[in-house]
Amino acid sequence: MPEPLTPAELLALDRRHVWHPYGPMPGRQRPLLVESASGVRLRLAEEAYGHRELVDGMASWWSALHGYNHPVLNEAAREQLGRMSHVMFGGLTHEPAVRLAARLVEITPEGLEHVFLADSGSVSVEVAVKMCLQYWLSAGRPAKHRLMTWRGGYHGDTWQPMSVCDPDGGMHSLWSGALPRQVFADAPPAGYDAGVDPAYEAHLAGLFERHAHEVAAMIVEPVVQNAGGMRFHSPGYLRVLRRLCDEHQVLLVFDEIATGFGRTGTLFACEQAGVTPDVLCVGKALTGGYLTMAAALCTSRVAEGISRGEVPVLAHGPTFMGNPLAAAVAGASVDLLLGQDWQSEVKRIESGLREGLAPAAGLPGVREVRTLGAIGVVQLDHEVDTVAASEAAVRAGVWLRPFRDLVYTMPPYVTNDADLARICGAVCAAAAAG
Ligand SMILES: *Cc1c(COP(=O)(O)O)cnc(C)c1O
């Protein structure tokens, strides 16, 4: 074992050498040092504002559905570790990956038959894009190589996903000159219950008419736009997109990396519209937050289309594709979720968030409070002071990570009512401070 390092030594090394998400080098904000995590609690190496443990309101970016250090997931990892943690997937296969793929086909909307296991959400989006571009290439229509999306989205940080992230609000405007130029519709009108606005529908139809000849696929996050602004829209727009895509020969990709596995109240958000996409991306909660794995699923039409091409293979194959350890934990996480009455848990969290966040609506500087499924959002009318807001949350014993004009939470489904109330109190405190 290496010499133990003190928290101060670790933090000094971290600051000097380690990049953090969207961080400067050297780091400016002092991260909290986590020693372990269990249930919905993060245990810190040092006290922060009187707390050694924080209730996690972030589920580690939508992923830790069942909380941390879960005995069932631990056992799945341990059991698989005893067999093999990895073997290459080219020319070899194994039970965890096969079972997981079959399970995903079974639980996702009817028609999605084929599964590409990728090593992160962004890569699954790259693969989805490649599937769509290759489909049209195989069909002898190479001009169909652009993507279409609506503003306000987030699809990841690698190159193609960046090109369909919101071009203004996001972190990627830096690259506007270097990214592939995609076709952007206005952001979908806000409001889950707002219904379909005919003027917006016409706007979409106009874009399809003008651009379908050069567009391979429309890609969107169904029902909730997540890291792009935590906005909700009517599921009706997904039906509009399905119809327009069919009429104009454009493939439809749903990115359910954040919304999948029950977060919005249905197992996949697109179920709320009764729409099956041509390609579906899942990730984040796939492994219950244990390991990095994502998947792109497609219909037989897409797979067969690619197979008819001059290059009849899908040209992608990451080194750690189908990683057995991640696949075993993912399988266990899906079974754990579906083996319980998760709908009731998500509903319970939804009403807890609605009640607990209501007071935020009366705070100065708050524009809107909205909840859907196990997602609670307080939107301010100004850029949040992230340092002050996070600090206020930690003082309340809760871990949150506000961004832009948003203080939000998507807690693990196992969060009990007392912890949920604490999270809501912290969101309100953070909104007030930020
Ligand atoms: C997080 C996210 C991604 C990217 O996934 P990574 O695993 O971070 O690469 C893509 N799309 C959506 C909707 C996401 O929320």
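For ligands, and for the atoms within them, numbers begin at 1 and follow the listed sequence.
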J.: Can you tell me which residue among E304, M131, E113 is in a side chain to side chain contact (heavy atoms under 4.5 Å, CB included) with C298?
T.: M131

J.: Quick one: do the D255 and Y154 side chains pair a donor with an acceptor below 3.5 Å?
T.: no

J.: Relative to the heavy atoms of S120, which atoms of ligand 1 are at a distance of less than 4.0 Å?
T.: 7 (O), 9 (O)

J.: If you count every heavy atom of other residues, nucleotides or ligands that lies below 6.0 Å from E110 atom CD, does the total exceed 12?
T.: no

J.: Could you list the atoms of ligand 1 found under 4.0 angstrom from a heavy atom of D255?
T.: 10 (C), 11 (N), 12 (C), 13 (C)

J.: Considering only heavy atoms from C-beta outward, does the side chain of S333 approach that of T287 to under 4.5 Å?
T.: no

J.: With a heavy-atom distance limit of 4.0 Å, tell me whether W61 approaches ligand 1 through its side chain, its backbone, both, or neither.
T.: neither

J.: Using a strict cut-off of 4.0 Å, indicate which atoms of ligand 1 neighbour a heavy atom of S122.
T.: 4 (C), 5 (O), 6 (P), 9 (O)

J.: What atoms of ligand 1 come within less than 4.0 Å of a heavy atom belonging to E221?
T.: 13 (C)

J.: Which residue is it: Y200, Y192, F232? I am looking for the one with a ring-ring contact (aromatic ring centres under 6.0 Å, His included) to Y237.
T.: Y200

J.: Using heavy-atom distances, let me know which of K284, E126, H155 sits nearest atom 1 (C) of ligand 1.
T.: K284

J.: In ligand 1, which numbered atoms sit nearer than 4.0 Å to a non-hydrogen atom of A258?
T.: 15 (O)

J.: Does CZ belonging to R146 count more than 12 external heavy atoms closer than 6.0 Å?
T.: yes

J.: Counting each atom of ligand 1 from 1 as listed, which ones have a heavy atom of G156 under 4.0 Å away?
T.: 4 (C), 10 (C)

J.: List the closest protein heavy-atom neighbour of atom 5 (O) of ligand 1: residue, atom name, distance to the nearest 0.1 Å.
T.: G121 CA, 3.2 Å

J.: Please give me the minimum heavy-atom distance between P402 and V407, naming the atom from each residue.
T.: CB-CG2, 4.1 Å

